[in-house]
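These numbers come from the heavy atoms of this one structure, side chains and all, not from hydrogens, waters or symmetry mates. Sequence lines set the chain letters: A, B, ... in the order given, protein chains first and strands last, and positions in each chain run from 1.
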Amino acid sequence: MKVRTRFAPSPTGYLHIGGARTALFSWLYARKMGGEFVLRIEDTDRERSTQASVDAILEGMAWMGLDHDEGPIYQTDRFERYKEVIQQLMDSGHAYYCYCSKEELDELRAAQMQRKEKPRYDGRWRDSDATPPEGVEPVIRFKNPLDGAVEFDDLVRGKITVRNAELDDLIIARSDGTPTYNMTVVVDDIDMEISHVIRGDDHINNTPRQINIMRALGYDTPQFAHVPMILGPDGQRLSKRHGAVSVMQYRDEGYTAEALMNYLVRLGWSHGDQEIFSRDEMVELFSLEGINRAPSAINQDKLFWINQHYIKSLPPAEVVAQLEWHVANQQLDTRSGPELADVVSAQCERFKTLHDLVAGSRYFYEDFTDYDEKSVKKQFKSATADYLRAARSGLEALTDWSDEAIHGVIEQTCEQLEVKLGKLGPALRIATTGGSSSPSLEITLRLLGQERTLSRIERAIEFIAARQV
RNA sequence: GUCCCUAUCGUCUAGCGGUUAGGACAUCGCCCUUUCACGGCGGUAACCGGGGUUCGAGUCCCCGUAGGGACGCCA
């Protein structure tokens, strides 16, 4: 049997991190098994579904590289099919009309809660001969088996058993005739020949109901794999107050797609002690058995670490490709400075995010307005101007603007002045970058270019002079 | 409340009856160092509690406890 998995989000918002990981697992399994990955949009709730959300989900998946083989299939395009199956259930005696009003059901629930019972429909219209009330559009309910139990082998959780007595007759069609979630999922998973339903474990309780409907329809059930949810850093349910929850927000904050994928795949799944997985490795090594049963909390620091790992180890050209968005977003004009790839090579060990890498490389392209106050206080002494002047003349004389040549000038200047590099180095760095954090001096100056280097040293000399007054 | 599920360092996890309970992030030292970083070496740190089963339980079973999820004419 061909492996076919699916990701079935409802378009009521952006693609959040939990959904993204579920999609990733589902995608990985399909790819690993040489199967197919279907994207289905569960938009039967017309009130809350929006095209903007569909676009956001598509954008998020594209950014992560989770390509689908079929879809997006919209459930709203399949209403005729659902109606057909619902009718089939009616005809075979597996479903019936229920004329209870919402108010009536609310009362029933309240009463049951008060008696400390599990709130559930009592089946009052199940085999009723009563005359339907006037003017009430009925809903259609599924006739859930009364006895026995539903048992299924979850590929992640193991055997799960629920007694049918715990289940009630769920609504499969609303009074306006539209199908409900549990109905559409069943029909779709059957029609689309889904072999493995990989989804969040908040659906675990729906599974026995869906299995019952599938059986009533005479179909075999797919395999199920319920993956645990992702928690916030505090172990609480993930929400906006935890910071980034949408996948695109991670992009915006400067994470590489590779890093987010790697982080996500290790959250709730493992392959021994391995931490770093390329996309190909993930596909090769992924297994449903490796998925954990307990929910896991996201951890900023580890994401930072992985992100930096990829910024350091991805080919600079690849980093540049992802950097472009941030360059544009931060309105940095890179035409008047060094190649971005060179900046990446020089800076990659210094930043945890692409955002910070761009923000921290500004001085290569634009003159900074202020010097870092602390650095100035510590390093710009009265004698500093003389040091800078000496370095300046040495650098000015250079015809070969290479790391080696620049390094040589700096060393010679120190010897000539009879000072340690600790005196000249920091001053030079502040003069040329405005602060005390940059790649090694020779690389920094080389990237800056001779002209820019000299003018900035000049400016620093003037700045120091002005301070002495 | 009822049902379902879960439980190893702060966090992500390895472990699949016999281990000095391993790795990673974070943290703390030391080293490297022209800044910031990177890197290297080392340290602190965990089997939720109680009963069983067994020669032997982190590993299997039961009961607690704690957390999560579900209980909609939402998905």
Under 4.0 Å between a side-chain N/O of [X] and OP1 or OP2 of [N], yes or no?
X: A:Ser440; N: B:U34; answer: no
X: A:Thr433; N: B:U35; answer: no
X: A:Asn292; N: B:U13; answer: yes
X: A:Thr178; N: B:C73; answer: no

Which whole-number value in Å describes the distance from [X] [atom1] to [N] [atom2]?
X: A:Gln274; N: B:G15; atom1: CD; atom2: C1'; answer: 17 Å
X: A:Glu117; N: B:C3; atom1: CD; atom2: C1'; answer: 13 Å
X: A:Arg48; N: B:A75; atom1: CZ; atom2: P; answer: 8 Å
X: A:Arg350; N: B:U33; atom1: CZ; atom2: P; answer: 16 Å
X: A:Leu441; N: B:C36; atom1: CG; atom2: P; answer: 12 Å
X: A:Ile57; N: B:A75; atom1: CD1; atom2: C1'; answer: 12 Å
X: A:Phe277; N: B:C12; atom1: CZ; atom2: P; answer: 17 Å
X: A:Ile291; N: B:U6; atom1: CD1; atom2: C1'; answer: 15 Å

Can you tell me which residue pairs pass the ring pair (Phe, Tyr, Trp, His ring centres under 6.0 Å) test with a partner in residues 285-305 of chain A, sequence neighbours excluded? A:Phe25-A:Phe286, A:Trp269-A:Phe286
Polar-atom pairs under 3.5 Å, protein N or O versus N or O of nucleotides 67-72 of chain B: list them with distances, or write none.
residue, atom, partner, partner atom, Å
B:G69, OP1, A:Arg237, NH1, 2.6
B:G69, N2, A:Asn205, OD1, 3.4
B:A70, O4', A:Asn205, ND2, 3.0
B:C71, O2', A:Pro119, O, 2.7
B:G72, OP2, A:Arg109, NH1, 3.1

Centroid separation A:Tyr250 to A:Tyr255 less than 6.0 Å: yes
Can you check whether A:Phe37 and A:Phe7 have ring centres sitting under 6.0 Å from each other? no
Watson-Crick or G-U wobble partner of [N], both distances under 3.5 Å:
N: B:U27; result: B:G43
N: B:U59; result: none
N: B:C48; result: B:G64
N: B:C3; result: B:G69
N: B:U53; result: none

Expressed as a whole number of Å, how far does the [atom1] atom of [N] sit from that of [M]?
N: B:U59; M: B:G43; atom1: P; value: 28 Å
N: B:U2; M: B:G10; atom1: P; value: 32 Å
N: B:C47; M: B:U8; atom1: P; value: 11 Å
N: B:A46; M: B:G39; atom1: P; value: 27 Å
N: B:C16; M: B:G22; atom1: C1'; value: 15 Å
N: B:C63; M: B:C3; atom1: P; value: 12 Å
N: B:G18; M: B:C38; atom1: C1'; value: 42 Å

Salt-bridged, A:Asp189 to A:Arg6, with N to O below 4.0 Å? yes
Excluding sequence neighbours, so at least two apart, what forms side-chain hydrogen bond (donor to acceptor under 3.5 Å, both in side chains) with [X]?
X: A:Gln450; answer: none
X: A:Arg115; answer: A:Glu117
X: A:Tyr96; answer: A:Asp169
X: A:Glu284; answer: none

When you match A:Ser436 and A:Pro179 each to their closest nucleotide on RNA chain B, which lands nearer the 5' end? A:Ser436
Here's a test of your reading of the structure: between A:Pro9 and A:Gly158, which maps to the more 5' nucleotide of RNA chain B? A:Gly158
May I ask you to verify whether the side chain of A:Arg429 and the base of B:U35 hold a donor-acceptor pair under 3.5 Å? yes
Does A:Ser175 contact B:C73 through a side-chain donor or acceptor facing the base, at a distance under 3.5 Å? yes
What's the closest nucleotide to the side chain of [X] if the choices are [options]?
X: A:Ser438; options: B:U35, B:C5, B:G39; answer: B:U35
X: A:Glu166; options: B:C4, B:C36, B:U2; answer: B:U2
X: A:Glu442; options: B:C4, B:U13, B:U34; answer: B:U34

Output all residues satisfying salt bridge (Lys or Arg N to Asp or Glu O under 4.0 Å) with [X], sequence neighbours left out; order by chain, then residue number.
X: A:Arg452; result: none
X: A:Asp342; result: none
X: A:Asp301; result: none

Can you confirm whether more than 12 heavy atoms, excluding those of A:Glu47, are under 6.0 Å from its CD atom? no
What is the nucleic acid contact for A:Thr161, judged by heavy atoms within less than 4.0 Å: base, sugar-phosphate only, or nothing? sugar-phosphate
Sub-4.0 Å heavy-atom contacts from residues 133-147 of chain A onto RNA chain B, ordered by number: A:Val139
Just checking, A:Arg141 and A:Tyr97: is the charged tip under 6.0 Å from the six-membered ring centre and within 45° of the axis? no
Parallel under 30°, tilted from 30 to 60°, perpendicular over 60°: which one fits the rings of A:His355 and A:His326? perpendicular
Measure all distances between protein nitrogen or oxygen atoms and nitrogen or oxygen atoms of nucleotides 60-65 of chain B, and list the pairs falling under 3.5 Å.
none

Give each protein N/O atom lying under 3.5 Å from an N/O atom of nucleotides 20-31 of chain B, with the pair distance.
residue, atom, partner, partner atom, Å
B:G22, N2, A:Asp273, OD1, 2.6
B:G23, N2, A:Glu275, OE2, 3.0
B:A24, O4', A:Glu275, OE2, 3.4
B:C25, OP1, A:Trp305, NE1, 3.4
B:C25, O2', A:Asp301, O, 3.4
B:C25, O2', A:Lys302, N, 3.1

If only side-chain N and O atoms count, and only distance matters, is there a donor-acceptor pair under 3.5 Å linking A:Asn262 with A:Glu258? no
How about A:Gln75 and A:Asp43: does a side-chain donor come under 3.5 Å of a side-chain acceptor? no
CG of A:Asn212 to CG of A:Asn144: how many Å apart, nearest 0.5 Å? 4.5 Å
